[in-house]
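Read through the structure below, which is laid out as structure tokens, and then see the notes.
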Amino acid sequence: GSCLESVKIAIDTGYRHIDGAFVYYNEHEVGQAIRDKIAEGRIKREDIFYCGKLWNTCHPPELVRPTLEKTLKILQLDYVDLYIIELPMAFKPGDAIYPKDENGKIIYHETDLCATWEAMEACKDAGLAKSIGVSNFNRRQLEMILNKPGLKYKPVSNQVECHPYFTQPKLLEFCRQHDIVIVGYSPLGTSRDETWVNVSSPPLLKDPVLNAIGKKYNKTAAQVALRFSIQRGVVVIPKSFNPQRIRENFQIFDFSLTEKEMKEIEALNKNVRYVELLM
Ligand code: A2P
């Protein structure tokens, strides 16, 4: 229920881009929140930008459309605004989200990313996704798609970890050259949940530079981190279940960082990921 409430508060606050996925197991709540707000007359469907994701067990081309249709059924929406390949590696198809062998090792599945991409293109042609993109792709994987013979649609975006401690300068430049928007996940440095986060990298929001710059503008380190990303053209998808912090993370359009401050923050880059995705 916390997701339903949070999305409603977010929409009331002004957020329109909602980043979801089947594997977050809360698409039913997100869909409900969107539909409730439409019913209230607060928004129209076209005001919302919902991003859904194709999970690793669904890469075989024949599974792509049925998987998106399942997401739409859960959301109770007719289309998603963006559908992305969540990760560039495939797992064995089936009910297990993390299929494992008797030794506890992930069972991978050999698929062709280009064939998966063609199935994504068909979803766009069918009107089930307005746009299609990727996530966690490196340059080589992007090039595979961009250079695919007969490519119909380029990925419009690549969702990757991106924040002041992991600024992705080379990937950002490559994506700029190819008109691919970088969507930065973990823009606040994650929840530092040790089950999936590399906590050897220090907490982003405790950073002295972010805090000092925040003080100057009467903003928090979180607001400075988000402003930094949007000012360099990176879309941010901060997560919060806390109403006050949901509102705080939206108050970033009434100040701007100077060129010197942007450089100072860029220099914080440690080239260390919080989200290592070791699988
Ligand atoms: P909560 O949901 O309790 O607000 P990221 O978006 O980088 O993954 O970060 C999400 C984490 O940061 C969550 O643990 C979230 O906790 C917390 N968080 C979200 N907004 C703020 C904020 N403005 N200040 C401090 N922590 C925040």
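In what follows, every heavy atom counts, from backbone to side chain, and hydrogens, waters and symmetry copies are set aside. Counting convention: from 1, in listed order, for ligands and their atoms alike.
Sorted by chain and number, the heavy-atom contacts of ligand 1 below 4.0 Å come from S186, P187, L188, G189, T190, S191, L205, A222, P238, K239, S240, F241, N242, R245, E248, N249.
A centroid separation of less than 6.0 Å is found between the aromatic rings of Y274 and H163.
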Side-chain donor-acceptor pairs under 3.5 Å in residues 80-88, sequence neighbours left out?
{"residue": "D81", "atom": "OD2", "partner": "R45", "partner atom": "NH1", "Å": "3.1"}
{"residue": "D81", "atom": "OD2", "partner": "R45", "partner atom": "NH2", "Å": "2.9"}
{"residue": "D81", "atom": "OD2", "partner": "Y50", "partner atom": "N", "Å": "2.7"}

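The ring-ring contact (aromatic ring centres under 6.0 Å, His included) contacts involving residues 250-270 comprise Y15-F250, Y217-F255, F250-F253, where partners must be two or more places apart or lie in separate chains.
Side-chain N/O atoms of Q168 and N269 include no donor and acceptor closer than 3.5 Å.
With sequence neighbours excluded, no residue forms a side chain to side chain donor-acceptor pair (under 3.5 Å) with Q141.
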For a side chain to side chain contact (heavy atoms under 4.5 Å, CB included) check, start with the C-alpha distance between V209 and L268, then their side-chain angles and the critical distance, and finish with the verdict.
CA-CA 8 Å; V209 172; L268 300 175; 3.9 Å; yes
